[in-house]
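Structure first, then comments.
Throughout, a chain's letter reflects where its sequence line sits, starting with A, and its residues are numbered from 1. These numbers come from a predicted model, not from an experiment.
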There are 2 protein chains.
Amino acid sequence: MSLSQTLQALSEPNRRKIIDLLKKREMSVGEMLKHLSVTMPTLSHHLDVLKRADLISSRREGQQIIYSLNLSVVEEITEQIIKFLKI
Amino acid sequence: MSLSQTLQALSEPNRRKIIDLLKKREMSVGEMLKHLSVTMPTLSHHLDVLKRADLISSRREGQQIIYSLNLSVVEEITEQIIKFLKI
DNA sequence: GTATTATTTAGATGTACATCTAAACATCGA
DNA sequence: TCGATGTTTAGATGTACATCTAAATAATAC
């Protein structure tokens with residue numbers, strides 16, 4: 001997971017909104033859909049981007065798929081960004 | 001200057017390299033050129049992107065144009081990113 | 001089996017980005 | 001007026017991204 005990939009992933013507003021939602025609590029795709037103005041396939045795409053950047057994870061629960069933040073990765077990335085921006 | 005724009009600007013490796021160079025000291029375009037594998041117009045373009053994101057500034061000094069980091073802006077942005085990523 | 005929830009693929013559109021070469025401009029020093 | 005240093009424009013190329021609709025596929029619950 002490169003810093004480029006992470007920053008690129010976080011540069012899209014809908015994806016940052018997803019991160020914001022998942023900071024509060026884990027959530028199914030259907031729930032997230034209510035908070036965003038995109039279609040299901042588009043949301044799936046954004047989730048895929050965030051997943052490939054290792055920022056989120058998913059697990060199945062019945063018919064639903066529950067997404068959650070990868071807390072440790074987020075912290076790690078925060079460190080990386082701080083280190084890079086440190087003057 | 002939106003967070004999207006900032007993250008987008010920082011997601012390109014050459015531009016991060018420019019930031020890294022300017023963290024050490026201010027530098028002319030010709031000097032930066034020695035550290036990057038791009039043509040002068042391409043470098044000019046990247047400098048323009050970073051400038052529009054308010055991350056760097058320039059001043060003329062004789063025939064040269066000297067670029068420098070906007071320290072206060074970088075700190076501000078760091079705060080913004082930390083705040084966003086804060087769990 | 002059928003309905004629900006989500007992913008994936010396909011096809012399409014429109015936009016943005018990175019890069020180059022070549023050439024035109026602009027600014028300054030000598 | 002040259003030469004040096006950069007910027008900008010123009011034209012071109014190739015890639016990537018965000019988005020949609022429609023349809024196929026997958027997994028699970030009932």
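- The minimum heavy-atom distance linking B/L10 with B/I19 is given by the pair CD2-CG1, 4.3 Å.
- Taking only side-chain nitrogens and oxygens, A/Y67 never comes nearer than 4.0 Å to OP1 or OP2 of C/dT5.
- Listed pair A/R60 / C/dT7 fails the phosphate criterion, with no side-chain N or O lying under 4.0 Å from OP1 or OP2.
- The distance between atom CD of A/E61 and atom C1' of C/dT4, rounded to the nearest whole Å, is 15 Å.
- Two residues are said to be in side-chain contact when any heavy atoms from C-beta on lie closer than 4.5 Å; A/Y67 and A/M27 fail this criterion.
- Protein atom CE of B/M32 is 14 Å distant from nucleotide atom P of D/dT5, rounded to whole Å.
- Side-chain atoms of B/Q64 and B/E31, non-hydrogen and from C-beta on, never get closer than 4.5 Å to each other.
- When distances are taken from the side chain of B/S44 to each of C/dC17, D/dT7, C/dT8, the shortest belongs to D/dT7.
- Taking 4.5 Å as the limit, some side-chain heavy atom of B/L7 sits within range of a side-chain heavy atom of B/I81.
- In this structure, CG of B/D48 is placed 16 Å from P of D/dG6, rounded to the nearest angstrom.
- For the pair A/Q64 CD and D/dA26 C1', the computed distance is 16 Å after rounding to whole Å.
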Run the side-chain hydrogen bond (donor to acceptor under 3.5 Å, both in side chains) test on A/R16 and B/S4 for me, step by step, so that the C-alpha distance in whole Å, both residues' side-chain angles and the decisive distance to 0.1 Å come before the verdict. CA-CA 9 Å; A/R16 283 210 306 285; B/S4 291; 3.1 Å; yes

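- Taking the C1' atoms of five terminal pairs at each end of the helix from C/dG1-D/dC30 to C/dA30-D/dT1, the two resulting helix axes are inclined by 30°, rounded to 10°.
- Using a 4.5 Å heavy-atom threshold, the side chains of B/L50 and B/I56 count as touching.
- When the nearest nucleotides of DNA chain D are assigned to A/T39 and B/E31 by heavy-atom distance, the more 5′-ward of the two goes with B/E31.
- Taking atom CG of residue B/L33 and atom C1' of nucleotide C/dT19, one finds them 14 Å apart after rounding to whole Å.
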Evaluate the side chain to side chain contact (heavy atoms under 4.5 Å, CB included) criterion for residues B/H46 and B/I18: first the C-alpha distance (whole Å), next the side-chain angles of each, then the deciding distance (0.1 Å), finally the verdict. CA-CA 9 Å; B/H46 285 314; B/I18 291 171; 3.9 Å; yes

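- A straight line from CG of B/L43 to C1' of C/dC20 spans 14 Å, rounded to a whole angstrom.
- In this structure, the CE atom of B/M40 is 9 Å from the C1' atom of D/dT7, given to the nearest Å.
- Residue B/H46 has no polar side-chain atom (N or O) positioned under 4.0 Å from OP1 or OP2 of C/dC17.
- For B/G30 and A/V49, each mapped to the nucleotide of DNA chain D holding its nearest heavy atom, the one lying further toward the 5' end belongs to B/G30.
- The pair A/K23-A/D20 meets the salt-bridge criterion, with a side-chain N (NZ, NE, NH1 or NH2) lying under 4.0 Å from an Asp/Glu carboxylate O.
- Regarding contacts with the backbone of D/dT19, every side-chain N or O of A/T42 stays at 4.0 angstrom or more from both OP1 and OP2.
- The residue among A/Q63 and A/H45 whose nearest nucleotide of DNA chain C lies closer to the 5′ end is A/Q63.
- The CD1-P distance, from B/I65 to D/dG6, rounds to 7 Å in whole Å.
- Using a 4.0 Å cut-off, some side-chain N or O of B/S28 falls inside it from OP1 or OP2 of D/dG6.
- Backbone-only contact: B/N14 has heavy atoms under 4.0 Å from sugar-phosphate atoms and none from a base.
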